[in-house]
Asks: 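Mind looking over this structure? Questions follow.
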Protein chains: 2
Amino acid sequence: MKSRVSRCPIEEVMQILSGRWPTLLIYYLKQGTKRFSDLRRDNPTISHKMLALELRKLEDAGIVTRTEFDGYPLRVEYELTPAGERLVPLIDALGDWWEATSDAGVPSIA
Amino acid sequence: MKSRVSRCPIEEVMQILSGRWPTLLIYYLKQGTKRFSDLRRDNPTISHKMLALELRKLEDAGIVTRTEFDGYPLRVEYELTPAGERLVPLIDALGDWWEATSDAGVPSIA
DNA sequence: TCGTGGTTACAAAAAGGTGCGTAATTTACT
DNA sequence: AGTAAATTACGCACCTTTTTGTAACCACGA
């Protein structure tokens, strides 16, 4: 999804949150500051390329901060911004909604 | 995104809502019952293949109902389920969040 | 030589677009 | 009256575009 079709804010958010990783990364980052390698350990199936790309996307969107500590082994920390923290409950609400609807069986009949 | 990496409900919702179309279709369907061709007119850049696929996905997820009226030119109507209507405010909240954070300028400095 | 946090190039996989076919009936034209 | 064409909501096959994975490389030190 490289370009937008409307100027709607909803489409813009979905452009950022779409895909497997963004919400998962936010989920792990709400536990606190994480380093690149921490996030790779948290979900081992992401490739380092994808992790780098997704983190950049979240950074550009103002959801995470990237802090580089220059030193010997080179250390970078990722953390949710205040805006990112405000996003967390909204994502959780989606998860809750899904749990509720799938618990209710087939909603098209009920 | 064909398979899941965890059993997390958030990942499951994102599997359904990811991409350009799902939220847009829900947006138009909250205006009321729509037919296939209505939805194509609402957003002209979707192909009929994509529209059919996305509608099936939303149907399987219990977000929309598909009602087939068999007749001469064949008529099918799509409508939000109660669960789908409960989802609408959550999506709107994401849009509002995005508007608020992007209005605030660059959040990484502010 | 390994670990850190990447970038780049190439390849594989997935997503998406295009156009054709379909069924049944109305309408349009001759 | 007979024929052709249009409508509706797709499914299917083929092909292009986009996304993602893989692997290699980088610098810097312990």
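Below, chain A is the first sequence line, B the second, and so on; all start at residue 1.
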Asks: On DNA chain D, does the nearest nucleotide to Leu55(B) precede the nearest nucleotide to Glu54(A) from the 5' side, or the other way round? Give the residue.
Replies: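 Final value for this comparison: Leu55(B).
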Asks: Using a 4.0 Å heavy-atom cut-off across all strands, classify Arg66(B) as base, sugar-phosphate, or nothing.
Replies: sugar-phosphate
Asks: For Tyr78(A), does the OH atom have more than 12 heavy-atom neighbours from other residues, nucleotides or ligands under 6.0 Å away?
Replies: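 Yes.
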Asks: For a quick check, tell me whether the side chain of His48(A) and the base of dG21(D) share a donor-acceptor pair closer than 3.5 Å.
Replies: no
Asks: Counting only side-chain heavy atoms from C-beta out, which of dC10(D), dG17(C), dG5(C) sits nearest to Met50(B)?
Replies: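 Nearest to the side-chain atoms of Met50(B), counting from C-beta on, is dG17(C).
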Asks: What is the distance, to the nearest angstrom, from the CD atom on Gln15(A) to the P atom on dA15(C)?
Replies: 18 Å
Asks: If we ignore hydrogens and angles and just use 3.5 Å, is the side chain of Glu11(A) paired with the main-chain N or O of Arg4(A) as donor and acceptor?
Replies: no
Asks: Taking atom types as modelled, is there a side-chain donor on Glu54(A) or Trp21(A) under 3.5 Å from an acceptor on the other?
Replies: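 No.
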Asks: What's the closest nucleotide to the side chain of Ser37(B) if the choices are dA13(D), dA9(D), dG21(D)?
Replies: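 The listed nucleotide nearest to Ser37(B)'s side chain is dA9(D).
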Asks: More 5' along DNA chain C: Trp21(B) or Arg56(A), using each one's nearest nucleotide?
Replies: Arg56(A)
Asks: Report the nucleotide, chosen from dG16(C), dG5(C), dC10(C), that has the shortest atom-to-atom distance to any side-chain atom of Lys49(A).
Replies: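 Minimum distance to the Lys49(A) side chain belongs to dC10(C).
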Asks: Using atom CZ of Phe36(B) as one end and atom P of dT7(D) as the other, report the distance to the nearest whole Å.
Replies: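 To the nearest whole Å, that distance equals 15 Å.
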Asks: So which one's nearest nucleotide on DNA chain C is more toward 5', Arg20(B) or Glu68(A)?
Replies: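 Nearer the 5' end of the strand: Glu68(A).
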Asks: Whole-Å distance between dG3(C) P and Asp70(A) CG?
Replies: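 The distance from CG of Asp70(A) to P of dG3(C) comes to 22 Å, rounded to the nearest Å.
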Asks: For Tyr78(A), report the nucleic acid contact type (base, sugar-phosphate, nothing); a contact means any heavy atom under 4.0 Å.
Replies: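 Sugar-phosphate contact only - Tyr78(A) comes under 4.0 Å of backbone atoms but never of a base.
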Asks: Treating Thr33(A) as the side-chain partner and Glu77(A) as the backbone partner, does any N or O pair qualify as donor plus acceptor under 3.5 Å?
Replies: no
Asks: Please state how far atom CE in Met1(A) lies from atom P in dT19(D), giving the value in whole angstrom units.
Replies: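 So the CE-P distance, Met1(A) to dT19(D), works out to 9 Å.
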